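Note that the structure is predicted; figures quoted are calculated from it, not measured. Position 1 is the first residue of the sequence, and the numbers go up from there.
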Amino acid sequence: MRPLTEFSVRSFNAFSGRFLRLFVPLAALWGAAFLLLYQAERDLDLVEWRATDMAAARHGADTIDGIIRGITRDLAHLARQSVLLDALEERPGARSRLAGDWRTFLRAKRVYDHVRWIDAAGNERVRINFNSGAIRTVPADRLQNKAKRYYFADTVWLNSGEFFVSPLDLNIERGEIEHPFKPMIRAGTPTFDRAGRRRGIVILNYLANHLIDLVRRQAEEGARKALLVDRNGNWLLGPSPEQEWGFMFDHPESNIATSYPDVWRRVRAEEEGQFAAAEGTWSFVTVYPLLEGERTSTGAREADASSRSELESRDYFWKVLVFRSAESVAAAGWRNTLPILIASGFVLSALFLGSWYLAGVWVRRDEAERELRDVNRNLERNVDERTKDLRREVAERRQAEAVLDGFFANPIRMNVIARLDGTILRANRGWEVTLGYRPEDLEGSLFLDLVHPEDIPATLREMRHLSGGGQTLRFENRYRHRDGGYRLISWAAMASPDGERAYGVGADITEQRRTELDLQDANRRMDLATRSASIGIWDYDLTTDELVWDDRVFEFYGVAPEHFRGVHADWRDRIHPDDAAAIEVAVYDSIENRKPFDVEFRIVRPDGELRHMRATFTAVRDDSGTPVRLVGTNIDITDRKTAEADIARYTEALRRSNEDLQQFAYVASHDLREPLRMISLYLDLLRRRRGDALDPEAIEHISFAIDGARRLDAMVEDLLQYSRIDVRGSALVPVDLDAVVREAVDNLQTSIEDSGAGIDAGPLPAALADRSQVVRLFQNLIGNALNYRDEARRPQVTVTGQRDGDWVTVTVADNGIGIAPRYFERIFVIFQRLHHRGERSGTGIGLAVCKRIVERHGGRIRVDSVPGEGSRFSFTLPAA
């Protein structure tokens with residue numbers, strides 16, 4: 001844009017008047033559009049918040065439901081243990097083995113405060129406590145009688161397979177609430193010996209902090225608050241810690257019914273829902289913790305009092321609530337509006353600059369005409385000078401051709417001159433020596449016809465590199481020999497200064513590469529043999545607790561033999577604390593149940609280094625089947641674990657990047673269309689309503705702008721559809737391809753009638769496909785054939801297909817203008833067109849959409865074409 005100072009005063013006055021007539025109406029129209037866009041964005045945010053809040057409430061409810069069912073499953077497992085049945089029958093050592101099993105159980109679960117067996121008289125017979133990671137078996141002299149506790153009375157007379165689940169409250173020890181607070185759920189079930197006699201109960205104390213923390217983490221986010229109340233409205237997870245557990249401290253007013261009476265009436269009356277109140281938005285879901293056959297009671301505040309009533313499973317419920325305050329909603333609304341304000345500024349800037357530019361164009365038109373006359377005079381003078389330069393270049397070219405003749409006389413190397421589209425202009429006798437082709441037979445043909453199909457993409461990239469002015473010092477690809485085999489050729493090449501040709505020198509390195517590959521195979525075999533020897537062997541005697549390691553195991557664990565006691569504890573103490581419990585359970589399970597042992601775990605070496613190990617063992621048993629020895633291996637897999645973590649991290653980053661790119665394409669395409677429609681609409685209104693006030697040239701410029709906006713809107717719509725192929729695709733189901741083709745032909749009926757085309761679709765096999773996407777695939781291919789028809793003959797499109805094993809191959813053939821082979825790859829690239837916009841319609845995305853649809857189905861698409869004769873597009877889909 002020329003500076004304003006270059007205009008005369010008269011030009012400046014004309015410029016400012018035309019600028020204001022363009023900019024002011026456009027700015028006013030955009031202001032009205034901005035208000036509409038702001039309101040739409042605001043409504044969309046409210047819908048999204050409500051949906052996410054309701055999903056969070058449901059997620060919290062599902063979490064509670066899963067935890068309660070997990071408790072009863074664990075309880076059922078403990079009540080059916082054979083070792084418990086042995087203890088009920090007072091078999092020797094059974095109670096000690098039961099205590100050992102329960103210690104392992106608590107260490108593996110880590111969510112229970114203790115597990116107890118209480119006999120029918122209410123006496124604790126076995127009790128295992130789990131406190132801050134420490135597991136302790138309560139001595140017999142400290143076991144208590146629990147006959148007066150409500151959970152015992154409510155459990156002992158249940159039927160086999162029924163469960164008692166207590167309310168969620170704080171743990172009470174010796175008649176007082178335990179500090180710090182320990183939320184607890186007690187679950188019990190009766191026990192029966194093998195003769196069916198009632199022998200007491202098994203009871204689990206679940207540490208409900210785990211449940212409350214899960215609900216809080218899964219339902220809370222940002223300004224969103226997670227809450228949990230029981231059937232009476234008592235806060236189990238409240239707005240603040242001070243308001244929680246009021247019913248345990250005789251503070252009945254500390255509940256939701258007192259704090260929000262209107263809210264509680266509505267929440268209690270409905271299963272789930274969402275509504276707005278003065279203080280904010282409430283979303284809630286009802287949870288029924290009990291299953292059929294389970295019971296609960298209201299419990300008792302006093303430690304030894306009996307329960308006050310018994311509740312059925314549907315009478316006992318909790319409410320999971322998600323609350324978002326009105327202040328946070330208002331603040332978020334302003335943050336979401338800020339991008340719209342920024343976009344508005346960009347649009348106004350664009351309107352300002354566009355109006356400025358158009359006004360300047362009108363004013364500078366007269367000056368441009370004068371400059372054009374001066375240019376014509378200069379052009380005539382330059383033509384005379386260029387004629388002299390051409391004569392000089394002809395003489396230099398003849399000299400260069402003499403040098404090339406000497407270059408092509410060498411028959412050892414494959415010398416070639418080719419255009420950058422792949423046409424061979426000149427080849428030497430080296431081609432005949434290496435590949436068996438005479439130079440005169442190659443000239444005028446495409447060297448890509450001789451390249452191995454797998455090497456064509458890399459060869460095309462190298463040609464594009466040369467066309468950009470680069471050089472090739474070493475590039476390898478395979479060429480077909482006249483006898484049908486392939487030879488590996490190494491190339492050095494460069495482009496001519498005018499960028500029209502490429503000069504290449506090739507050498508046959510087939511035998512050299514075969515030797516290199518043999519050497520690599522030998523190296524890989526040697527490396528594999530070396531790595532396979534990196535195994536440590538150990539032997540453990542179960543009867544004497546004697547553990548033997550070989551040198552490799554000592555190396556893995558970083559332990560010197562003189563510091564090794566040779567007992568099981570030497571290995572166990574070096575396992576990472578977070579893995580120790582699981583490893584012990586796995587060892588026990590493998591020995592007892594004769595399962596294979598193959599586990600991975602972490603160790604801590606004496607120097608503090610953390611290493612990953614893989615261990616296996618085989619149990620050696622005596623004649624009675626009792627295991628006496630374990631013989632196993634250790635393998636250091638630290639490097640593999642590090643690589644797996646890196647791969648997982650890179651894979652997750654790539655997945656997020658792909659999701660972000662897809663979402664960006666969808667959002668950008670969707671959000672761009674509205675401003676484009678507004679620009680087109682209001683420019684059209686300006687032309688129709690103010691056309692009398694504008695000169696013909698201004699009306700023409702406005703028409704250009706409208707046409708450009710509409711074309712850009714069409715491109716954005718195609719880009720939007722392109723981005724939705726993977727994001728909005730449906731599941732693959734059996735589809736009748738004959739019906740799909742008929743639907744595509746019906747959609748194109750107007751174009752078919754206008755062109756007088758004939759459509760011939762033979763019987764097609766069924767395929768597994770997304771029906772709507774395959775309709776679009778056939779519609780794009782048939783529409784493409786109609787668009788690129790030969791005007792000299794009647795268009796004819798033929799659709800055929802056949803099943804090849806697990807795949808269906810479909811071909812869409814036409815008799816159109818055809819495609820040159822050098823464009824076979826380019827036509828499937830987005831926005832790549834082979835014709836000017838005025839010659840053929842379309843945005844250049846149709847075949848890119850076809851390729852993406854086929855690849856989403858796991859298939860491939862290709863084209864065969866002869867210019868002037870027609871094209872054949874073939875693609876594959878999974879067979880039904």
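Classified by interplanar angle (parallel below 30°, tilted 30° to 60°, perpendicular above 60°), the ring pair F317/Y288 is perpendicular.
In this structure, P765 and L737 approach most closely via the heavy-atom pair O-CD1, 3.3 Å. Across all their heavy atoms, W807 and G858 have their closest contact at CH2-O, 3.2 Å. Closest approach of G758 to R794, counting heavy atoms only: CA-NH2, 3.4 Å. Minimum interatomic distance between D421 and R822 (heavy atoms only, all atoms of both residues): CB-CD, 3.9 Å. The heavy-atom pair separating G783 from L748 by the smallest distance is N-CD1, 3.7 Å. Contact detail for K319 and T286: the closest heavy-atom pair is NZ-OG1, 2.6 Å.
V733 has its side chain out of reach of R771: every pair of non-hydrogen atoms, C-beta onward, lies at least 4.5 Å apart.
We find that R789 and D814 are not joined by a salt bridge, their nearest charged nitrogen and carboxylate oxygen being 4.0 Å or further apart. The pair R69-D65 counts as a salt bridge, with a side-chain nitrogen and a carboxylate oxygen less than 4.0 angstrom apart. Look at R478 and D455 and you find a salt bridge, because one of the NZ, NE, NH1 or NH2 atoms lies within 4.0 Å of a carboxylate O, short of that distance. A salt bridge does not link R50 with D53: every distance from a Lys NZ or Arg NE/NH1/NH2 to an Asp or Glu carboxylate oxygen is 4.0 Å or more.
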### Query
So Y437 and F447, ring-ring contact (aromatic ring centres under 6.0 Å, His included) or not? Walk me through it.
CA-CA 12 Å; Y437 301 107; F447 66 81; over 10 Å; no
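Checking L777, L732, T876, L768 one by one against H857, the side-chain contact (heavy atoms from CB on, under 4.5 Å) holds for a single residue, L732.
Between Q779 and N747, the side chains place a donor N or O and an acceptor N or O closer than 3.5 Å (distance only, hydrogens not considered). Of the N and O atoms on the side chains of S772 and D770, at least one donor lies less than 3.5 Å from an acceptor on the other residue. A donor atom on one side chain and an acceptor atom on the other are found under 3.5 Å apart for T459 and N477. With no hydrogens or angles considered, no side-chain donor-acceptor pair links T809 and Q802 at under 3.5 Å.
Within the 3.5 Å criterion, the main-chain N or O of L488 finds a donor-acceptor partner in the side chain of T510. Between the side chain of K851 and the backbone N or O of I861, no donor-acceptor pair lies under 3.5 Å.
Aromatic ring centres of W491 and Y479: separated by under 6.0 Å.
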